[in-house]
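Here the structure comes first, spelled out in structure tokens, and everything after it is commentary.
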Amino acid sequence: MNPTQALAIYNSLTGEKENFEPIIPGKVGMYVCGPTLYSEPHMGNMRTFINFDLIYRYFLHLGYQVKYVRNITDAGHITNSAGEAVDSIGKAARLEQVQSLEIVYKYNVKFQELQRIYNLLPPSIEPTATGHIQEQIEIIEKIIENGFAYIVNGSVYFDVRTYGKEFEYGILSGRKVDELAEETRELNAQDEKRFFADFALWKKAHPEDMQIWRSPWGDGNPGWHIECTAMSTKYLGDRFDIHGGGLDLKFPHHEDEIAQSCGSVGCNPANYWLHANMLNVNGQKMSKSLGNYFLPKEIVDGTTTVFDKPYLPQVIRFCMMQAHYRSTLDFTQDSLNAAEKGFMRLSEAYEKLGSLETKETSSVDVQALVDSFYNAMNDDFNAPMLVAGLFEAVKYINTVFEGKATISASDLKLLTKEFTGFVFDVLGLTIEKASSDQALTAAMDLVLDMRRSARENKDWGTSDKIRDRLAEAGIVVKDSKEGATWVVK
RNA sequence: GGUCUCGUGGCCGAGUGGCUAGGCACCGGUCUGCAAAACCGUAUACUCCGGUUCGAAUCCGGACGAGACCUCCA
């Protein structure tokens with residue numbers, strides 16, 4: 001590795017790019033908020049997970065030993081500001097007339113499948129909220145002990161006002177408690193909370209609840225935020241390097257995690273807070289009501305009506321890599337088609353790498369090119385800049401292939417190592433070999449052989465007829481000096 | 001209503017106080033029996049109005065527009 005600049009990360013907590021300094025040299029502890037499994041994760045969820053997969057992969061590429069924890073939220077109780085329980089998993093379970101765990105299990109299987117399809121590296125640990133109820137209770141007890149929470153009628157609430165005397169509530173989101181008071185539209189008059197901004201750590205069970213746990217305060221369910229605090233603390237300690245998640249979790253979820261950690265162990269849990277931006281479709285945030293909502297599996301299968309053709313998962317991933325993780329990204333038919341063609345070009349250049357002829361010297365500064373890959377990623381994981389650098393390499397590879405530029409043996413070795421390293425290991429792309437259908441391949445060999453004979457006899461009529469009829473069947477024939485190749489569209 | 005972000009060429013999308021991001025499309029060229037494909041190359045931009053500056057699309061202010069969060073959300 002030859003980065004000419006240090007790894008800088010944009011820290012949402014400070015609003016600035018900071019040089020990355022791990023707590024333990026050579027090691028990284030990273031926690032990312034995973035999905036709530038009350039439905040199949042949609043494409044927008046996937047973008048967040050793909051972006052953090054990129055970050056995970058880059059740390060690994062730099063040689064860090066990474067402990068990557070991404071939780072699974074399988075306890076449905078979440079409370080809104082009015083203190084009302086919103087049990088999304090229980091709701092889904094009732095709708096499908098099954099138990100909560102069945103819902104969670106069903107969607108977890110789908111989520112695992114999606115991770116395979118989109119080539120996500122498995123995290124070091126995927127803990128579940130329901131597996132850490134005891135830890136959550138212990139943290140709540142500690143917060144109560146420290147005076148930052150109170151018990152009302154079997155529920156426990158975090159006391160934001162008392163907390164605010166010692167710590168700063170709103171340190172991450174920039175919200176001020178006073179402002180929040182004015183902004184909040186309506187408060188529930190029946191509220192058990194002492195203050196509108198207080199949030200539930202533990203919620204007393206309702207008779208119709210499908211999942212109930214025992215606690216010192218009676219039967220109930222954990223609050224949403226405490227789940228993440230418990231799991232991150234258990235596996236990464238009171239203080240770790242990176243906490244990530246979608247931008248929409250910044251407030252209140254992450255803000256409340258900070259409050260819970262400060263309120264229990266006295267410090268912000270993470271040194272660097274990273275937030276991945278949202279995915280838009282045709283210019284708008286993906287949503288069911290707008291009709292631009294689709295699942296990661298549907299776009300691959302071509303079963304969504306949003307786009308008129310299927311796309312390979314690696315094309316979708318590549319499309320995402322052309323935008324920075326902190327920017328919104330707009331998926332449109334055009335942007336996906338552009339990514340598809342660009343990805344093909346990248347793939348084809350990769351396949352040429354193995355057959356390049358080397359010369360005494362290189363006509364391009366390969367080391368500088370490789371440095372640009374690292375510098376791009378070291379600048380807050382700027383994948384689009386990396387992709388631009390990779391296309392510089394593509395152009396170079398192509399011109400060498402055409403005999404219009406030269407590369408030395410040592411530079412070719414370097415370029416091959418780093419180019420493939422960044423394409424496969426860092427960006428997480430996969431390049432599939434052409435059709436593995438042996439019967440089709442044999443038939444095509446025969447057809448193209450007959451066409452070649454026709455062409456040798458200047459029988460253009462037959463040659464063109466074969467070409468056109470194959471095109472109608474969805475097979476595109478590409479002629480080149482080395483002969484004809486084909487590809488199924 | 002409050003807080004915040006953003007507004008880049010036909011599309012997607014980086015970046016920077018003065019030095020061409022990149023991809024796709026377009027156009028030109030090479031190649032080809034023709035075409036496609038492939039490859040190479042050129043062009044097009046920084047919402048508007050003020051201000052700071054030798055110089056701003058890049059900094060500041062305002063206008064307009066878009067989006068996010070404030071309620072579950074990746």
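- Proximity of a side-chain donor or acceptor of A:Asp74 to a complementary backbone N or O of A:Ala129 within less than 3.5 Å is detected.
- Using a cut-off of 4.0 Å between Lys/Arg side-chain N and Asp/Glu carboxylate O, A:Asp53 and A:Arg47 are scored as not salt-bridged.
- Regarding contacts with the backbone of B:rG23, every side-chain N or O of A:Lys341 stays at 4.0 angstrom or more from both OP1 and OP2.
- Relative to the side chain of A:Asp464, the nucleotides B:rG33, B:rA74, B:rC12 differ in distance, and B:rG33 lies closest.
- Stacking between A:Trp460 and B:rG33 is present: the aromatic ring centre lies within less than 5.5 angstrom of the base six-membered ring centre, and the two planes differ by under 30 degrees.
- Mapping A:Asn280 and A:Lys458 onto RNA chain B by nearest heavy atom places A:Lys458 closer to the 5' end of the strand.
- Judged by Watson-Crick or G-U wobble contacts below 3.5 Å, the nucleotide B:rC24 has B:rG10 as its partner.
- Note on A:Gly245: only backbone sugar-phosphate atoms sit closer than 4.0 angstrom, heavy atoms only; bases stay farther off.
- The residue A:Asp248 sits close to a base: some heavy atom pair falls under 4.0 Å.
- For the pair A:Arg175 and A:Phe251, the distance from NZ or CZ to the six-membered ring centre is under 6.0 Å and the angle to the ring normal is within 45 degrees.
- A gap of 15 Å separates the P atoms of B:rG13 and B:rA68, to the nearest Å.
- Residue A:Pro384 places its side chain closer to B:rA21 than to any other of B:rA21, B:rA74, B:rC69.
- Atom P of nucleotide B:rA14 and atom CG of A:Asp380 are separated by 12 Å, given to the nearest angstrom.
- Closest contact between the side chain of A:Arg175 and the listed nucleotides B:rA14, B:rG2, B:rA74 involves B:rG2.
- If you take atom C1' in B:rU30 and the same atom in B:rC48, they sit 44 Å apart, rounded to whole Å.
- Atom CZ of A:Phe331 is separated from atom P of B:rG13 by 10 Å (rounded to the nearest Å).
- Within the structure, a side-chain polar atom (N or O) of A:Ser327 is placed less than 4.0 Å from OP1 or OP2 of B:rA14.
- Using a 4.0 Å heavy-atom distance criterion, A:Lys395 is classed as a sugar-phosphate-only contact.
- As judged by a 4.0 angstrom heavy-atom cut-off over every strand, A:Ser463 is placed among the base-contacting residues.
- Taking the centre of each ring, A:His243 and A:Tyr272 stay at or above the 6.0 Å mark.
- Across all strands shown, nothing is found opposite B:rA37 as a Watson-Crick or G-U wobble partner with both distances under 3.5 Å.
- One donor-acceptor pair, N or O on each side, does fall under 3.5 Å between the base of B:rG33 and the side chain of A:Arg455.
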Requested in this report: Output, in order, the C-alpha distance, side-chain angles, deciding distance and verdict of side-chain hydrogen bond (donor to acceptor under 3.5 Å, both in side chains) for A:Tyr10 and A:His324.
Outcome: CA-CA 12 Å; A:Tyr10 179 86; A:His324 188 91; over 6 Å; no

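- A:Asp459 has no carboxylate O lying under 4.0 Å from a charged side-chain N of A:Arg455, or vice versa, which leaves the two without a salt bridge.
- You won't find any donor-acceptor pair under 3.5 Å spanning the side chain of A:Arg467 and the base of B:rA36, going by distance alone.
- At least one cation-pi condition fails for A:Arg70 and A:Tyr31: the charged atom is not both under 6.0 angstrom from the six-membered ring centre and inside a 45 degree cone around its axis.
- With B:rG33, B:rG23, B:rG13 as the choices, the nucleotide that has an atom nearest any side-chain atom of A:Ala338 turns out to be B:rG23.
- Residue-level contact check: A:Leu329 touches the backbone only, with heavy atoms under 4.0 Å from sugar-phosphate atoms and none from bases.
- Here B:rC6 presents its C1' atom at 12 Å from CG of A:Leu247, a figure rounded to the nearest Å.
- The side chain of A:Glu392 approaches B:rG22 more closely than any other nucleotide in the set B:rA74, B:rG22, B:rG13.
- Between the side chain of A:Asn277 and the base of B:rG67 there is no donor-acceptor pair of N/O atoms closer than 3.5 Å.
- For the P atom pair drawn from B:rU20 and B:rG61, the interatomic distance equals 30 Å after rounding to whole Å.
- Protein atom CZ of A:Arg317 is 19 Å distant from nucleotide atom P of B:rG13, rounded to whole Å.
- Across all strands shown, B:rU32 forms no Watson-Crick or G-U wobble pair with both key distances under 3.5 Å.
- When the C1' atom is compared between B:rU53 and B:rC59, the two are found 10 Å apart, to the nearest whole Å.
- Residues A:Lys352 and A:Glu348 are not paired through a salt bridge, judged by the lack of any N-O separation under 4.0 Å between the basic side chain and the carboxylate.
- Using a 4.0 Å heavy-atom cutoff across all strands shown, A:His42 reaches at least one base atom of the nucleic acid.
- Across the protein-nucleic acid pair, A:Lys352 atom NZ and B:rA38 atom C1' stand 7 Å apart, rounded to whole Å.
- At distances below 3.5 Å, not a single donor-acceptor pair connects side-chain atoms of A:Ser12 with backbone N or O atoms of A:Leu274.
- As judged by a 4.0 angstrom heavy-atom cut-off over every strand, A:Thr48 is placed among the base-contacting residues.
- Using a 4.0 Å heavy-atom distance criterion, A:Asn382 is classed as a sugar-phosphate-only contact.
- Nucleotides B:rC24 and B:rC19 place their C1' atoms 26 Å apart, quoted to the nearest Å.
- A straight line from OH of A:Tyr118 to P of B:rA74 spans 17 Å, rounded to a whole angstrom.
- Atom C1' of B:rC6 sits at a distance of 15 Å from the matching atom of B:rA57, rounded to the whole Å.
- The residue A:Thr485 sits apart from the nucleic acid: no heavy atom pair falls under 4.0 Å.
- Contact annotation: side chain of A:Asn337 to base of B:rA25, donor-acceptor pair absent below 3.5 Å.
- Comparing A:Leu279 and A:Val394, the nucleotide of RNA chain B nearest to each residue sits closer to the 5' end for A:Val394.
- Only the P atoms considered, B:rU5 is 13 Å distant from B:rG62, to the nearest whole Å.
- A:Thr304 and A:Glu298 form no side-chain donor-acceptor contact under 3.5 Å, judged by distance and modelled atom types alone.
- Nucleic acid contact for A:Ala276: none, since no nucleic acid atom lies under 4.0 Å from a heavy atom of the residue.
- Within the 4.0 Å cut-off from OP1 or OP2 of B:rA37, not a single side-chain nitrogen or oxygen of A:Arg345 is found.
- As rounded to whole Å, 14 Å separates atom C1' of B:rA21 from atom CZ of A:Phe373.
- B:rU5: Watson-Crick or G-U partner is B:rA66, with both key distances under 3.5 Å.
- For the P atoms, the distance linking B:rC34 with B:rU42 amounts to 26 Å, nearest Å.
- Nucleic acid contact class of A:Met46 (heavy atoms, under 4.0 Å, all strands): none.
- Between the CD atom of A:Gln322 and the C1' atom of B:rA14 there is a distance of 10 Å, rounded to whole Å.
- When heavy atoms are screened at a 4.0 angstrom cut-off, A:Glu348 is found touching the sugar-phosphate backbone but no base atom.
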